[in-house]
Engineer: 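Shown below is the structure under consideration.
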Amino acid sequence: MASGDDENYDDNSSGFFADDLDQHDTERDLYAILHINKDADALTIQQAYRRLTLLYHPDKHTEPRNKQLAMDLFIRVKKAYDILNDPQKRAIYDVVGTKGLKAEGWEVVSRTKTAREILDEYERLAREREERRFNQMTNPSGSVQMSVNLTDIFDQMNSDDENSDFSPVVEMTEFTVAQGIDIPLTSQDTATVTAVATTRNGRGTGSLTTSLRRVLADLSWFRIDLSFGEQNLAAFRYFRRLTQKLQASAAATFSLAEGGSAIIAPSFLFSVTYQLTHHLSSSLQWTTGANSCMKGGLHYDNQTLAVSSAIQLGFVNTYGAIDGVYRFPNICNLRCSLKLFVFGPWLEYGIDRQLTKYTHGSATVAVSSRMGISLRLKFTRGSQAFTFPLQISQDIVPSAIFYATVAPVLAYLVFDRLIIRPFARSEQEKEQKKREDEAREKQAERRRQAINAQEVLRSLVDQIKDREGLEGLIILEARYGQLGLTITNENSIKIIDVTTPLQVLVKDSTLKIATTVSKSNLTGFYDPCIGEEKSLFIKYSLRSQIHTILYKDTDPVILPDRDHLVR
């Protein structure tokens with residue numbers, strides 16, 4: 001029995017052990033470490049902690065090696081207790097495990113959160129961390145756009161002149177490259193520098209834009225943009241959330257005369273958005289200046305279907321529009337848009353989907369009596385975007401619509417078969433091999449820990465047996481693993497001897513292990529046959545009578561029991 005000094009040693013040394021807890025994270029089930037069930041109350045957790053810390057206390061050992069091994073066991077129990085005794089940490093652990101305790105931003109989670117809310121919060125934080133890591137890899141952000149004129153191909157295909165040679169001209173009409181970089185100045189201030197270079201019909205232009213964005217204390221923000229190039233501009237934008245459902249923004253743009261000596265053609269923009277219901281929102285926008293207009297819209301989104309409608313009234317451009325997106329989870333998104341202009345209708349339809357983990361692709365066909373038929377291909381990887389607008393025909397030709405629709409689908413199917421799927425399969429195989437290697441390393445580490453733990457506990461077995469006496473509960477034999485018909489086969493590599501760790505847990509002729517997870521998580525145990533069904537066989541003596549019992553891997557252990565008596 002431990003003395004009162006042992007308890008004082010635990011209280012006074014908690015700060016010392018706290019610094020080393022992360023170094024001893026073995027990812028074992030924390031409830032199994034304390035030998036309790038998941039529904040254990042605070043009192044049960046504290047009682048289990050006090051008993052195990054006294055049992056594993058380093059001062060019970062004199063040999064330096066056993067003292068250090070006992071220290072490792074002590075720290076493991078201390079870590080499990082610190083997590084399970086804290087309602088907030090326990091709530092996170094119950095839903096996402098120890099990995100959730102390492103996530104940033106968990107201070108927003110309380111014990112009153114439901115398991116679904118905690119899981120959603122963890123997944124959101126995980127996505128944000130992954131996006132931040134990937135954005136660092138692909139920084140700076142940039143885009144490339146190359147417009148290609150393919151109208152000559154369909155003009156010659158539909159030509160009535162049978163004697164003419166089919167030698168269409170493919171022309172690149174515009175090429176634009178934009179590169180930008182964000183420079184965090186403080187936690188509230190971010191500067192952005194963006195450079196754009198464009199060549200159009202043999203004439204090149206360029207611009208340089210600098211922006212400063214500041215987030216205010218009430219989560220509103222303002223931004224100042226200065227652009228220099230073919231046209232010098234200065235712009236100011238302010239955004240504020242007025243209520244939980246209402247938000248507004250205002251912007252002012254000033255065009256500067258050459259040399260910056262005068263301001264010409266100022267324009268202003270005012271926008272308001274209101275959340276009508278959980279899935280429905282409305283917006284109203286007013287723009288002044290050369291392109292003065294008023295625009296109102298409704299947007300509905302229920303995560304599967306998104307529909308937007310808008311009406312714009314202006315001196316230059318007046319139209320009505322309706323857009324729809326139907327999402328097939330983990331497959332693709334189908335998009336369709338119809339706009340009614342003064343000059344006639346404008347129809348767009350397309351598809352987008354995730355090509356690889358970080359690459360997204362889309363194809364959109366536009367049909368208009370004024371602009372003809374065009375195909376727009378876009379690929380996004382991280383913060384890099386590549387856009388290819390292809391002018392197919394200046395007139396509405398059925399063959400052009402057919403090729404613009406079918407060609408990208410066929411190209412994707414070939415690309416998917418020859419490149420995407422082999423690449424994904426190769427990545428999966430690498431990930432699987434990595435997991436198998438980690439599992440083998442983890443298995444070897446668990447085995448080493450179990451051997452060390454049994455070495456420490458072996459020095460306590462004689463004390464436990466002496467305390468129990470001849471009439472007490474003595475574990476004669478205990479085997480764990482793939483037992484079946486080979487319960488006592490000591491030579492099987494799929495069976496391990498766990499007599500020592502079970503004997504040490506005996507107190508007052510009673511052995512109770514309430515946990516219902518795999519017993520490979522218990523101290524002194526490890527999994528000798530990963531992925532296979534396991535059992536625990538115990539042969540024990542009580543009042544000089546022999547008892548035997550075979551437990552399933554997740555059954556709680558309660559000894560003694562009259563039904564175990566060998567008759």
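What you are looking at is a predicted structure, and each value in this text was computed from that prediction instead of being measured.
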Engineer: Hey, does the side chain of Q503 reach the backbone of I475 with a donor-acceptor pair shorter than 3.5 angstrom?
Structural biologist: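 It does hold such a pair.
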Engineer: Take atom CZ of R376 as the centre, draw a 6.0 Å sphere, and report whether it contains more than 12 heavy atoms from other residues, nucleotides or ligands.
Structural biologist: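 No, the 6.0 Å shell around CZ holds no more than 12 heavy atoms from other groups.
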Engineer: Just by distance, no angles: are the side chains of Y56 and R76 close enough, under 3.5 Å, to form a donor-acceptor pair?
Structural biologist: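 Checked: Y56/R76 side chains show no N/O donor-acceptor pair below 3.5 Å.
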Engineer: Name all residues meeting the salt bridge (Lys or Arg N to Asp or Glu O under 4.0 Å) criterion together with K519; count only those two or more places apart in sequence or in a different chain, and write none if there are none.
Structural biologist: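 Listed in chain order: nothing, the list is empty.
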Engineer: Closest heavy-atom contact between L473 and S509?
Structural biologist: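 Scanning both residues, the minimum pair turns out to be CD1-O, 3.5 Å.
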Engineer: Treating Q275 as the side-chain partner and Q244 as the backbone partner, does any N or O pair qualify as donor plus acceptor under 3.5 Å?
Structural biologist: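 No; zero donor-acceptor contacts below 3.5 Å.
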Engineer: Enter the distance from Q454:CD to Q449:CD here, rounded to the nearest 0.5 Å.
Structural biologist: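 Interatomic distance, Q454 CD to Q449 CD, rounded to 0.5 Å: 12.5 Å.
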Engineer: Who are the salt bridge (Lys or Arg N to Asp or Glu O under 4.0 Å) partners of K434, not counting sequence neighbours?
Structural biologist: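 In terms of salt bridge (Lys or Arg N to Asp or Glu O under 4.0 Å), with neighbours along the sequence ignored, K434 is linked to no residue.
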Engineer: Does L559 reach the side chain of I549, with side-chain heavy atoms less than 4.5 Å apart?
Structural biologist: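 Yes, at least one pair of side-chain atoms sits under 4.5 Å.
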Engineer: Scan for ring pair (Phe, Tyr, Trp, His ring centres under 6.0 Å) pairs involving residues 506-528, sequence neighbours excluded, and state none if there are none.
Structural biologist: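 Every pair satisfying ring pair (Phe, Tyr, Trp, His ring centres under 6.0 Å) with a residue in residues 506-528: Y480-F525.
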Engineer: Tell me which pairs pass ring pair (Phe, Tyr, Trp, His ring centres under 6.0 Å) where either residue lies in residues 421-468, with sequence neighbours left out.
Structural biologist: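 Non-adjacent pairs meeting ring pair (Phe, Tyr, Trp, His ring centres under 6.0 Å): zero.
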Engineer: Drop me the distance from S535's OG to I495's CD1, to the nearest 0.5 angstrom.
Structural biologist: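 Here the interatomic distance stands at 9.5 Å.
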Engineer: Can you name the salt bridge (Lys or Arg N to Asp or Glu O under 4.0 Å) partners of D497, sequence neighbours left out?
Structural biologist: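 In terms of salt bridge (Lys or Arg N to Asp or Glu O under 4.0 Å), with neighbours along the sequence ignored, D497 is linked to R479.
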Engineer: I'd like to know if the side chain of K539 reaches the main chain of F537, judged simply by a donor and an acceptor atom lying under 3.5 Å from each other, with no hydrogens or angles considered.
Structural biologist: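 Checked: no pair found.
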Engineer: Below 4.0 angstrom, N of the basic side chain to O of the carboxylate: do R65 and E455 qualify?
Structural biologist: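 Salt bridge present between R65 and E455.
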Engineer: Just do the side chain to side chain donor-acceptor pair (under 3.5 Å) check on Y31 and D39 with the steps written out, would you?
Structural biologist: CA-CA 10 Å; Y31 291 95; D39 59 359; over 6 Å; no
Engineer: For the residue pair R327 and P329, what are the closest heavy atoms and their distance?
Structural biologist: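 For R327 versus P329, the nearest heavy atoms are O-CD, 3.4 Å.
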Engineer: The criterion is ring pair (Phe, Tyr, Trp, His ring centres under 6.0 Å); which residues satisfy it with Y81, sequence neighbours excluded?
Structural biologist: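 Partners of Y81 by the ring pair (Phe, Tyr, Trp, His ring centres under 6.0 Å) criterion, ordered by chain and then number, come out as Y49.
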Engineer: How long is the span from the SG atom in C529 to the CD atom in Q443, to the nearest 0.5 Å?
Structural biologist: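 These two atoms lie 9.0 Å from each other.
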Engineer: Looking only at atom types and distance, does a side-chain atom of T499 sit under 3.5 Å from a main-chain N or O of A478, one as donor and one as acceptor?
Structural biologist: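 Indeed, once roles are kept as given, a pair shorter than 3.5 Å links the two residues.
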Engineer: Go through the structure and list residues passing salt bridge (Lys or Arg N to Asp or Glu O under 4.0 Å) with R440, not counting sequence neighbours.
Structural biologist: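 R440: salt bridge (Lys or Arg N to Asp or Glu O under 4.0 Å) contacts with D437.
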Engineer: For H299, what residues pass the ring pair (Phe, Tyr, Trp, His ring centres under 6.0 Å) criterion, not counting sequence neighbours?
Structural biologist: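 H299 satisfies ring pair (Phe, Tyr, Trp, His ring centres under 6.0 Å) with no residue once adjacent residues are dropped.
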Engineer: Quick one: do D352 and R335 make a salt bridge, cutoff under 4.0 Å?
Structural biologist: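 Judged by the 4.0 Å cut-off on N to carboxylate O distance, D352 and R335 do form a salt bridge.
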Engineer: Side chains of D553 and S518: donor-acceptor distance under 3.5 Å anywhere?
Structural biologist: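 Side-chain D/A pair, D553 to S518: present.
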Engineer: Take a 6.0 Å sphere around CD of E533 and say whether it holds more than 12 heavy atoms from other residues, nucleotides or ligands.
Structural biologist: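 Check fails, neighbour count at 12 or below.
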Engineer: So, do I351 and L334 sit near enough that their side-chain heavy atoms are less than 4.5 Å apart?
Structural biologist: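 In short, these two side chains touch, coming nearer than 4.5 Å.
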Engineer: Can you check whether I558's main-chain N or O pairs, donor with acceptor, with Y551's side chain at less than 3.5 Å?
Structural biologist: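 Looks like yes, one N/O pair under 3.5 Å.
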Engineer: Within a strict 4.5 Å, meaning less than it, do heavy atoms of the V456 and D72 side chains meet?
Structural biologist: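 Side-chain contact under 4.5 Å: no.
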Engineer: Determine whether P501 and T523 make a side-chain contact, defined as any pair of heavy atoms from C-beta on separated by less than 4.5 Å.
Structural biologist: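 Sidechains of T523 and P501: no contact.
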Engineer: Going by an N to O cut-off under 4.0 Å, is there a salt bridge joining D527 and R447?
Structural biologist: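 Result for this pair is no, no salt bridge flagged.
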Engineer: Using every non-hydrogen atom in the two residues, find where L34 and A48 come nearest and quote the distance to one decimal.
Structural biologist: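 Heavy atoms only, the tightest pair is O-CB, 3.5 Å.
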Engineer: Mind checking whether L505 and L52 have side chains closer than 4.5 Å, heavy atoms only?
Structural biologist: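 Sidechains of L52 and L505: in contact.
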Engineer: For T405, what residues pass the side-chain hydrogen bond (donor to acceptor under 3.5 Å, both in side chains) criterion, not counting sequence neighbours?
Structural biologist: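 side-chain hydrogen bond (donor to acceptor under 3.5 Å, both in side chains) list for T405, sorted by chain: Y349.
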Engineer: Minimum heavy-atom separation for Q384 to F386, with atom names?
Structural biologist: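 Minimum heavy-atom separation between Q384 and F386: CB-CE1, 4.0 Å.
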Engineer: Got a donor-acceptor contact below 3.5 angstrom from the D508 side chain to the T510 backbone?
Structural biologist: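 Checked: no pair found.
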Engineer: Are the side chains of R425 and E429 in touch, meaning some heavy atoms are under 4.5 Å apart?
Structural biologist: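 SC-SC contact between R425 and E429 confirmed.
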Engineer: Using a strict cut-off of less than 4.0 Å between a Lys/Arg side-chain nitrogen and an Asp/Glu carboxylate oxygen, indicate whether K465 and E468 qualify as a salt bridge.
Structural biologist: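 So K465 does not pair with E468 through a salt bridge.
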Engineer: For N521 and R446: C-alpha separation, side-chain torsions, deciding distance, then whether side chain to side chain contact (heavy atoms under 4.5 Å, CB included) applies.
Structural biologist: CA-CA 9 Å; N521 291 279; R446 286 286 185 89; 4.2 Å; yes
Engineer: Counting only N and O atoms by type, is there a donor-acceptor contact under 3.5 Å from the side chain of R467 to the main-chain atoms of K507?
Structural biologist: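 It does not hold such a pair.
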Engineer: Considering all heavy atoms of both residues, which atom of I33 and which atom of A80 are nearest to each other, and what is their separation?
Structural biologist: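 For I33 versus A80, the nearest heavy atoms are CG2-CB, 4.1 Å.
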Engineer: Could you measure the distance from the OG atom of S541 to the CD atom of E471? Nearest 0.5 Å is fine.
Structural biologist: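 These two atoms lie 8.0 Å from each other.
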Engineer: Mark yes or no for whether K378, through its side chain, and T387, through its backbone, hold a donor-acceptor pair below 3.5 Å.
Structural biologist: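 Not at all, since once roles are kept as given, no pair shorter than 3.5 Å links the two residues.
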Engineer: How about CG on L418, more than 12 heavy atoms from neighbouring residues, nucleotides or ligands closer than 6.0 Å, or not?
Structural biologist: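 Atom CG in L418 is packed in, count exceeds 12.
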Engineer: Where does the angle between the aromatic ring planes of H547 and Y540 fall among parallel (under 30°), tilted (30 to 60°) and perpendicular (over 60°)?
Structural biologist: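 Plane angle under 30°, so parallel.
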Engineer: For a 4.5 angstrom cut-off between non-hydrogen side-chain atoms, does K38 reach D29?
Structural biologist: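 In contact.
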Engineer: Check the surroundings of atom CZ in R448: do more than 12 heavy atoms from other residues, nucleotides or ligands lie under 6.0 Å from it?
Structural biologist: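 Counting neighbours around CZ of R448, more than 12 heavy atoms of other residues, nucleotides or ligands fall under 6.0 Å, so yes.
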Engineer: Can you tell me if E438 has over 12 outside heavy atoms packed within less than 6.0 Å of its CD?
Structural biologist: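 Above 12, so yes.
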Engineer: Please report the interatomic distance CZ(R353) to CG(N330), rounded to the nearest 0.5 Å.
Structural biologist: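 CG of N330 is found 9.5 Å from CZ of R353.
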Engineer: Side-chain contact test, heavy atoms from C-beta onward, threshold under 4.5 Å: evaluate it for M71 versus K67 and give yes or no.
Structural biologist: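 In short, these two side chains do not touch, never coming nearer than 4.5 Å.
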Engineer: Applying ring pair (Phe, Tyr, Trp, His ring centres under 6.0 Å), can you list everything that pairs with F239, at least two apart in sequence or on another chain?
Structural biologist: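 W221.
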Engineer: Taking D301's backbone N and O only, do any of them form a donor-acceptor pair with H279's side chain (distance below 3.5 Å, no angle check)?
Structural biologist: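 Side chain of H279 to backbone of D301: a pair is present.
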Engineer: For F328, give me all partners under ring pair (Phe, Tyr, Trp, His ring centres under 6.0 Å), at least two apart in sequence or on another chain.
Structural biologist: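 Testing F328 for ring pair (Phe, Tyr, Trp, His ring centres under 6.0 Å), a comparison that skips the adjacent residues, returns Y326.
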Engineer: Determine whether Q432 and R435 satisfy the following criterion, side chain to side chain donor-acceptor pair (under 3.5 Å), listing intermediate values before the conclusion.
Structural biologist: CA-CA 5 Å; Q432 178 64 23; R435 285 196 295 266; 2.7 Å; yes
Engineer: Quick one: pull up CD1 in I451 and CD1 in I496 and give me the separation to the nearest 0.5 Å.
Structural biologist: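 It comes to 9.5 Å.
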Engineer: Would you say that more than 12 heavy atoms from the other residues, nucleotides or ligands in this model lie under 6.0 Å from the CG of D41, or not?
Structural biologist: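 Result for CG/D41: enclosed.
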Engineer: Using the test side chain to side chain contact (heavy atoms under 4.5 Å, CB included), find all partners of D561 that sit at least two apart in sequence or belong to another chain.
Structural biologist: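 Scan of D561 (side chain to side chain contact (heavy atoms under 4.5 Å, CB included), adjacent residues dropped) gives D563, H564.
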